[in-house]
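Each remark here refers to the structure printed beneath this line.
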Amino acid sequence: MKPIEAINDFVIKFANVNGSGSASANELFAKAILRMGVPVSPRNIFPSNIQGLPTWYEARVCEKGYLGRRGGVDLMVAMNPQTWDADIAEIEPGGYLFYDSTRPIPESKFRPDINIIGIPLTEISNATYTDPRQRQLFKNIIYVGALSILLAVDAEVFEKLFAEQYKGKEALLDSNIRALHLGRDYVTKNMKAPLGIRVQKADKVGNQIFTDGNSAAALGCVYGGATVAAWYPITPSSSVPEAFQKYCDKYRTDPSTGLNRFAIVQAEDELASIGMVVGAGWNGARAFTATSGPGISLMAEFIGLAYFAEIPVTIINVQRGGPSTGMPTRTQQSDLLACAYASHGDTKHVMLLPEDPYECFEFGAVALDLADRLQTPIFFMTDLDIGMNQRLSKPFVWDDARTYDRGKVMTAEELEAGKDFGRYKDVDGDGIAWRTLPGTHPTKGAYFTRGTTRDPYARYSERGPDYIYNMERLLRKFATAADMVPQPVFDKASKPTKLGVIYFGSTSPAMKEGLDILNAEGIHLDAMRLRAFPFPASVEAFIAEHEQVYLVEQNRDAQMHSILVNELSIDPAKMIKVLHYDGTPITARFITDYIRTHLNAGASKASKTKKEKEVA
């Protein structure tokens with residue numbers, strides 16, 4: 001089998017044991033490629049325990065800038081005997097297997113159509129170090145050093161990264177550089193290098209930043225004016241409030257007094273955290289909580305209260321695999337229905353659907369504005385893939401002249417002048433009533449906040465007409481929201497087509513590559529990326545313009561399909577479900593294979609029908 005040959009375009013996957021110290025070494029490898037000027041998109045696939053179970057780190061190296069998973073592996077770094085067979089099976093024909101050859105492995109455990117690279121990593125490490133923990137940790141750096149020669153990555157790049165990481169800690173700096181060169185020296189003396197796949201210096205990274213969605217969302221909340229966060233730890237959202245704490249310590253501390261201008265509470269559970277945020281929003285603070293699917297389930301009653309009492313709340317949901325505990329460290333888009341219609345009774349909630357860290361930053365601020373303007377819970381729907389994996393992103397942008405939009409908040413001056421105040425009264429047809437903040441006026445503008453039925457002036461009422469008035473007003477407000485939320489992004493095919501595709505959130509990187517692949521094959525699709533719910537009129541128009549529309553999402557039950565059918569006047573038959581839900585991020589190969597197979601099956605069926613008619 002001819003070895004794969006590619007420059008700046010390959011997939012490398014590290015198969016390790018959780019708790020072995022491999023994560024930092026693997027991340028070092030990815031950062032080195034970035035320093036070579038070549039885009040790389042890594043994904044950490046890790047277990048939900050502390051130590052011992054399998055973990056993987058997959059890095060997509062792509063000078064063209066594709067950041068999604070491609071599908072398949074060109075070079076497997078197999079460091080975990082538990083997963084050996086499955087790891088070997090993933091390698092593309094002609095690909096490469098890198099492994100620790102200290103202990104002999106039967107020939108039957110290899111494949112004849114791949115290229116074998118065995119290096120006695122444990123032997124090298126044991127001959128150099130005596131401490132057991134050092135032997136394990138530096139073995140990881142040794143394999144990074146070996147890979148740097150095999151893939152033609154400059155040693156100076158790694159040495160500079162080490163110098164930055166261990167500044168002021170010369171002993172650690174020297175020991176890591178030594179381990180790096182142990183691997184480099186072994187390959188130089190004993191092997192032919194570089195491989196058919198390799199890295200070549202380029203200038204394709206530009207001014208992009210390397211960050212994760214959770215950090216970006218937290219920073220967006222700081223810029224968006226959030227001063228209160230209440231949360232309960234849950235994977236994969238915990239790093240959102242942790243990052244918010246870090247940024248607040250830097251940006252929300254009074255420089256003269258040193259006092260904090262923020263409040264962050266780690267509550268006793270999810271129910272308490274959403275209660276605190278609802279209270280803060282009612283009091284006029286911009287507040288948010290961060291959680292995942294199980295937390296949403298627990299928060300449902302308070303979410304219903306905030307919806308019906310119309311209190312601004314931002315809920316960042318970093319989705320993971322469900323139901324129940326599910327797969328805590330895997331990614332899915334499986335909380336759409338739970339959030340769109342959260343709580344009992346008739347509810348509809350705004351959802352924002354960012355695609356990457358840039359939009360996580362942008363939507364963090366947008367969510368807080370929308371919560372105030374619409375006086376309602378706003379669901380910020382990211383997931384583990386976007387939230388916890390570092391990726392290249394456009395630099396964040398903020399307009400210093402931007403002001404916070406608090407929406408319809410009546411002032412003391414307006415109340416004093418005799419302006420009519422009905423807390424739940426629709427005065428201009430958009431469904432959004434005026435509100436007051438506590439302490440606005442000593443005698444005017446007060447109202448009773450309740451989760452029970454009321455009339456337009458917040459007075460308790462069980463009259464049917466009052467209930468209907470309020471529920472229909474909430475629907476008008478939801479319709480108003482459709483024009484306020486981030487609008488869809490459209491990508492027209494290079495040729496006229498009756499085929500369309502809809503996608504959203506973390507499916508975006510793989511979808512962009514998939515569209516290019518299909519276009520090169522002569523399969524043309526108009527594309528629409530959803531960025532929010534409720535849907536503006538342009539969404540229904542897009543579907544109506546096409547005979548078949550593929551809908552790509554990462555859950556079992558086609559939840560976005562259900563929402564589209566429920567909310568719009570569309571024919572469900574023209575919507576083709578493309579569903580990926582094994583917990584790993586969707587690949588471009590999965591998308592293209594599905595669409596290609598579906599179109600071929602349709603063409604075959606049409607041809608058979610035509611022949612049957614001719615025979616008849």
Side-chain angles (χ1 to χ4, degrees), residues 1-6 9-18 20 22-23 25-27 29-30 33 40-47 53-62 66-101 105-119 121 140 143-144 146-147 150-151 195-199 321 327 329-332 384-385 389 506 509-510 513-514 517 554 580-594 596-597:
M1 175 66 68
K2 183 181 178 182
I4 294 174
E5 295 185 3
D9 188 10
F10 59 88
V11 176
I12 179 171
K13 190 170 185 178
F14 299 82
N16 301 99
V17 177
N18 198 38
S20 64
S22 61
N26 298 339
E27 186 175 318
F29 175 84
I33 294 177
V40 60
S41 181
R43 283 173 171 81
N44 191 15
I45 304 170
F46 57 100
L53 290 179
T55 183
W56 295 268
Y57 188 86
E58 181 178 303
R60 174 76 187 280
V61 179
C62 184
Y66 293 127
L67 299 178
R69 292 181 69 220
R70 184 198 69 189
V73 174
D74 301 312
L75 169 58
M76 177 67 74
V77 181
M79 304 298 293
N80 187 353
Q82 301 175 61
T83 60
W84 175 276
D85 292 340
D87 294 334
I88 302 304
E90 282 193 66
I91 303 172
E92 298 282 277
Y96 304 85
L97 167 66
F98 178 106
Y99 78 105
D100 182 355
S101 61
I105 295 176
E107 188 175 340
S108 61
K109 302 295 284 184
F110 297 94
R111 280 171 47 191
D113 62 340
I114 59 176
N115 303 281
I116 311 300
I117 306 163
I119 297 178
L121 298 168
N140 299 326
Y143 74 61
V144 169
L147 289 169
L150 293 169
L151 299 175
L195 302 177
I197 56 173
R198 65 191 73 174
V199 181
M327 296 191 292
T329 59
R330 297 292 189 268
T331 195
Q332 278 188 2
L384 185 147
D385 184 28
N389 287 316
S506 60
E513 182 177 7
I517 292 171
Q554 298 184 77
H580 183 276
Y581 51 93
D582 68 359
T584 63
I586 195 169
T587 67
R589 185 172 293 177
F590 180 90
I591 294 170
T592 55
D593 284 352
Y594 190 98
R596 195 184 296 117
T597 300

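Predicted, not measured: the structure shown is a model, and the values here were computed from it. By convention here, the first residue in the shown sequence is residue 1.
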message: Tyr99 vs Ile88, test: side chain to side chain contact (heavy atoms under 4.5 Å, CB included). Steps then yes/no.
response: CA-CA 11 Å; Tyr99 78 105; Ile88 302 304; over 6 Å; no
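- In terms of heavy atoms, Val40 sits closest to Ala59 at CG2-CB, 4.0 Å.
- For Arg60, the side-chain contact (heavy atoms from CB on, under 4.5 Å) test picks out Asp9, Val11, Ser41, Cys62, Tyr66, Arg70, Glu513, with sequence neighbours left out.
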- request: Determine, stepwise, if the pair Ile116 / Glu107 fulfils side chain to side chain contact (heavy atoms under 4.5 Å, CB included).
  value: CA-CA 11 Å; Ile116 311 300; Glu107 188 175 340; over 6 Å; no
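- How far CD1 of Ile45 is from OG1 of Thr329: 9.5 Å, rounded to the nearest 0.5 Å.
- Between the side chain of Asp113 and the main chain of Gly94, no donor-acceptor pair closer than 3.5 Å is present.
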task: Show your reasoning for whether side chain to side chain contact (heavy atoms under 4.5 Å, CB included) applies to Met79 and Leu121.
output: CA-CA 10 Å; Met79 304 298 293; Leu121 298 168; 3.5 Å; yes
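- The heavy-atom pair separating Gly583 from Met327 by the smallest distance is CA-CE, 3.6 Å.
- Arg589 places a side-chain N or O within donor-acceptor distance of the main-chain N or O of Gly71, the cut-off being under 3.5 Å.
- The two residues Gly72 and Glu92 make their nearest non-hydrogen contact at CA-OE2, 3.6 Å.
- Side chain of Thr587 to backbone of Phe590: a donor-acceptor contact under 3.5 angstrom is found.
- Side-chain N or O atoms of Thr55 include none that pairs as donor or acceptor with a backbone N or O of Val17 at under 3.5 Å.
- Side chain of Asn140 to main chain of Ser20: a donor-acceptor pair is present (N/O by atom type, distance under 3.5 Å, no hydrogens or angles).
- Contact annotation: the side chain of Ile12 never approaches that of Phe98 to less than 4.5 Å [non-hydrogen atoms, C-beta and beyond].
- When every heavy atom of Ala588 is checked against every heavy atom of Gly514, the shortest pair comes out as CB-N, 4.1 Å.
- With values rounded to the nearest 0.5 angstrom, Gln332 atom CD is found 11.5 Å from Ile586 atom CD1.
- Tyr57 has its ring centre no less than 6.0 Å from the ring centre of Phe29.
- With 3.5 Å as the limit, one finds a donor-acceptor pair spanning the side chains of Asp87 and Trp56.
- Scanning all heavy atoms of the two residues, the minimum distance from Asn389 to Asp385 falls at ND2-OD1, 3.1 Å.
- Counting non-hydrogen atoms of neighbouring residues, nucleotides and ligands closer than 6.0 angstrom, the OH atom of Tyr581 reaches no more than 12 such neighbours.
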Check against salt bridge (Lys or Arg N to Asp or Glu O under 4.0 Å), Arg69 and Glu90: CA-CA 13 Å; Arg69 292 181 69 220; Glu90 282 193 66; 5.2 Å; no
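- Test Val61, Ile197, Ile33 against Leu151 for side chain to side chain contact (heavy atoms under 4.5 Å, CB included) and you get one pass: Ile197.
- The line from CZ of Arg43 to OG1 of Thr584 is 10.0 Å long, rounded to the nearest 0.5 Å.
- Taking CG of Leu147 as the start and CG of Leu75 as the end, the distance is 6.0 Å to the nearest 0.5 Å.
- Aromatic ring centres of Tyr96 and Phe10 lie farther apart than the 6.0 Å criterion allows.
- Of all non-hydrogen atoms in Arg111 and Ala89, the two that sit nearest each other are NH1-O, 3.6 Å.
- A donor atom on one side chain and an acceptor atom on the other are found under 3.5 Å apart for Asn26 and Asn16.
- Ile105 CD1 to Leu97 CG: the interatomic distance, rounded to the nearest 0.5 Å, is 8.0 Å.
- Between atom CD1 of residue Ile91 and atom CD1 of residue Ile114 there is a gap of 4.0 Å, rounded to the nearest 0.5 Å.
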